[in-house]
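Reviewing the structure listed below.
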Amino acid sequence: MKRVALVATQPLRPSQALLSRARCVCRCAPVPRLARTDRRPLSTTARRPDESNSNKFQPFRRYTFPPDFCEKNPVVILPPQKPKMNGPELPERRTAYIALGSNMGDRIGWIEKACREMDARGIKVKRTSGLWETEPMYVLDQDRFVNGACEVETTLEPLELLDALQDIERALGRQKVIDKGPRNIDLDILLYENIKFNHERLKIPHVGIPEREFVLRPLAEYVPFPSTPPPAPFPPPSLPFNFPIDTPRLIPDKPIDPDRPWRLIRDYLDALPPSKSPITTMTPLSAHHSPIQALNPARKTHVMAILNVTPDSFSDGGTHSPSDPDSLVQTITSFLDAGATMIDIGGQSTAPGAPEVSLEEELSRVLPAIRLIRTHPSLSSRQVLISVDTYRAAVAEAAISAGADIVNDVSGGSLDPAMLPTVARLGATICLMHMRGTPATMNDLAVYPPEKGGLIGGIATELLARVKAAEEAGIRRWRIVLDPGLGFAKRGPQNVEVLRRLEELRAWPGLQGLPWLVGSSRKSFIGQVTGVPTPRERIWGTAATVAAAVQGGADVVRVHDVREMVQVVAMADAIWRY
C-alpha cells in the first residue's frame with residue numbers, strides 16, 4: 001500500500017479509517033490546530049508552547065511542511081464532512097472569490113454597479129477588498145486600472161457562476177475589443193471553495209493569480225508600509241502572545257493551489273519583484289472629485305472646513321445659523337476662496353455635556369445649509385464636497401438626498417444601529433471615528449490598559465471592530481475613512497501621543513490602505529499644552545497639530561481657521577508629500 005500524507009480541511013474523527021495511514025493531519029483554517037500521528041508534526045512558523053503543558057502547542061496562524069516533505073509524500077486533500085440535514089435539502093451555499101477590474105469611464109462606479117448586480121442575482125457579496133489603482137499589464141498602451149476582489153456566497157456551480165458574471169458584464173455594456181485590453185468592467189473567478197476546476201472555458205484557481213500583483217494585493221490586503229523610520233514591529237513586543245487581533249482582510253493566509261497548501265497568497269505576493277510604480281488604494285468621495293489615494297506619497301491633503309449650525313458648539317456655537325442664509329453664503333464662500341475642499345456641516349454638538357437635540361431640530365439645522373450650497377448661484381457651480389456630521393441614520397439619509405457626499409459619524413456607527421445599513425444602501429462614503437460611550441460619558445472611558453494594547457492598540461482594535469461591522473452591514477471597504485477621535489475618550493497627553501504615533505495606526509494590520517481624517521482644531525488639549533484658555537485663540541497650537549497630522553499621513557484635516565490652516569497644509573505637503 002502506498003503511503004500518503006493527508007491534509008484535512010476540518011478535524012478528522014478518530015473513527016475515520018484513513019487516519020491510520022496519515023503521517024500529518026492539520027486543519028486548513030484561519031487558525032489551524034495541529035494534530036499528530038506517528039509523532040511527525042508539521043513544522044510551524046508561529047508555534048508557542050502551552051505553559052500549562054509543555055507537550056502541547058497553542059493555535060498558530062501559519063504553517064509549512066518540512067523542506068523535503070512534498071517531494072517524498074504525495075499530498076491528498078480531504079474535503080470537509082457535509083453535515084446531515086433533516087427535512088428537504090437546501091441548495092448548498094459555496095464561497096468564491098471574484099476579481100473586479102475597470103479602466104474605462106467611471107471606473108469605481110462600474111465596479112460598484114457590478115457588485116450591486118451580483119447581489120441582485122443572488123450572488124451575495126460578503127466582503128470586499130479595497131480598490132487599488134494599478135498600471136496596465138500585458139497590453140501597456142491603455143489607461144490605468146482600478147482593481148479589487150470580493151468574497152461571494154453562491155449556490156451556482158463554477159460554470160453557472162461564470163455564465164452569470166459574463167451576463168453581468170454584457171448587461172453593463174462590456175465590449176471586448178482585444179484580449180486583456182480596455183474594458184469598463186471585468187469579472188473573473190479566482191477561487192471557488194478549495195477545488196481545482198479544469199474546463200476549456202474556466203480554470204480554477206485562475207492561472208494568472210501568482211504573477212499579478214493587482215490580484216494578489218487585494219486578496220492579501222496588506223502592503224509593506226513606506227515609512228521613515230519604519231513603524232514599530234507588529235505585534236509590539238509589549239503585547240501578550242494571545243492579544244486579540246481581528247484583521248478584516250480577505251484571504252492572505254489561504255493557499256491558491258489546494259495541492260500545495262503550504263504556499264499562501266501572501267507568499268506569492270512577497271515573491272513578486274517590487275513594482276516600478278507602487279500601487280495605491282482609492283477611496284471615492286463623489287462623482288465630481290478624484291478619489292483619495294491613501295498610499296500615494298505625492299497626494300495632497302484635503303482641508304475640511306467646519307460649519308457648525310448649532311448654538312452650543314464648544315468653539316463657534318451660534319456663529320453660523322441656517323436662519324441667516326446671507327451670512328452662511330458669505331462664510332462658505334470665504335472657506336472656498338481660502339482653499340477648503342470639503343465642508344463638514346453639523347447640527348448636533350458633541351461637546352461633553354451638550355444636550356441632545358431632537359431629530360427634527362437637527363434636520364432643521366443641517367438640511368437648509370446643504371440645500372443652500374447645492375442651489376445658491378454663487379456656490380452650486382463650485383461642486384464642493386459636503387460632509388454631514390451626524391450619528392443619526394435618518395439625518396444621514398436626508399442629508400445625502402439633499403446633496404451631501406460623505407457621512408461623518410463620531411460614533412463609528414455605534415450610536416444608531418440603523419446607520420451602517422443605511423449608508424450601505426445609499427452607497428455613500430463614511431468616516432468612522434473612534435469614540436467610547438457617548439459624548440456625555442466618553443471622558444470617563446479614557447483608560448487603555450497595557451495588557452489590552454495600550455492607547456494605540458486599543459484605538460486600532462476598536463476601529464477594526466467598526467470596520468468589520470461596516471463591512472458586515474454591506475459598506476464596501478473602499479468607502480471607509482477612519483478618524484482616531486482626538487478629544488473623544490482621550491485625555492490631554494493621550495491626544496498628543498495619537499498625533500505622534502499616527503503612522504503606526506495607519507500601518508496597523510487590517511487598517512492598512514484606508515484613508516484617515518484628523519480633527520484637532522482648537523481642542524482643549526491644545527489649550528492645556530499652550531496655556532491658551534479661549535478656543536478661538538488656539539490658532540498656532542492648532543497649526544502645529546495640523547502639520548503633525550500631515551507628517552503622520554492624514555488625508556483630511558478638519559479645521560475651523562480655514563485660511564490659516566490651508567497655508568499650513570500647503571507647506572506641510574511641500575515638505576512631506578512629494
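For D416, there are no salt bridge (Lys or Arg N to Asp or Glu O under 4.0 Å) partners at least two apart in sequence or on another chain. Residues passing the salt bridge (Lys or Arg N to Asp or Glu O under 4.0 Å) test with E537, sequence neighbours excluded: none. In this view, S520 and T545 satisfy the side-chain hydrogen bond (donor to acceptor under 3.5 Å, both in side chains) rule, not counting sequence neighbours. Every side-chain hydrogen bond (donor to acceptor under 3.5 Å, both in side chains) that S387 has, sequence neighbours left out, goes to D344. Residues that satisfy the salt bridge (Lys or Arg N to Asp or Glu O under 4.0 Å) test with E361, not counting sequence neighbours, are R365. Looking at residues two or more places apart in sequence or on another chain, you find no side chain to side chain contact (heavy atoms under 4.5 Å, CB included) involving D444. Residues satisfying the side-chain hydrogen bond (donor to acceptor under 3.5 Å, both in side chains) test with S401, not counting sequence neighbours, are none. For S411, the side-chain hydrogen bond (donor to acceptor under 3.5 Å, both in side chains) partners are D409, not counting sequence neighbours. Here A396 pairs with T390, V407, M419 under the side chain to side chain contact (heavy atoms under 4.5 Å, CB included) rule; sequence neighbours left out. For E462, the salt bridge (Lys or Arg N to Asp or Glu O under 4.0 Å) partners at least two apart in sequence or on another chain are R436.
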Side-chain donor-acceptor contacts of residues 565-576 below 3.5 Å, not counting sequence neighbours, with atom names and distances?
{"residue": "D573", "atom": "OD1", "partner": "T301", "partner atom": "OG1", "Å": "2.8"}
{"residue": "D573", "atom": "OD2", "partner": "T301", "partner atom": "N", "Å": "3.0"}

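Residues I430 and I406 form no side-chain contact, since every pair of their non-hydrogen atoms from C-beta on lies 4.5 Å or further apart.
Contacts classified as salt bridge (Lys or Arg N to Asp or Glu O under 4.0 Å) and involving residues 277-302 (residues at least two apart or in different chains) are given here: R299-D555.
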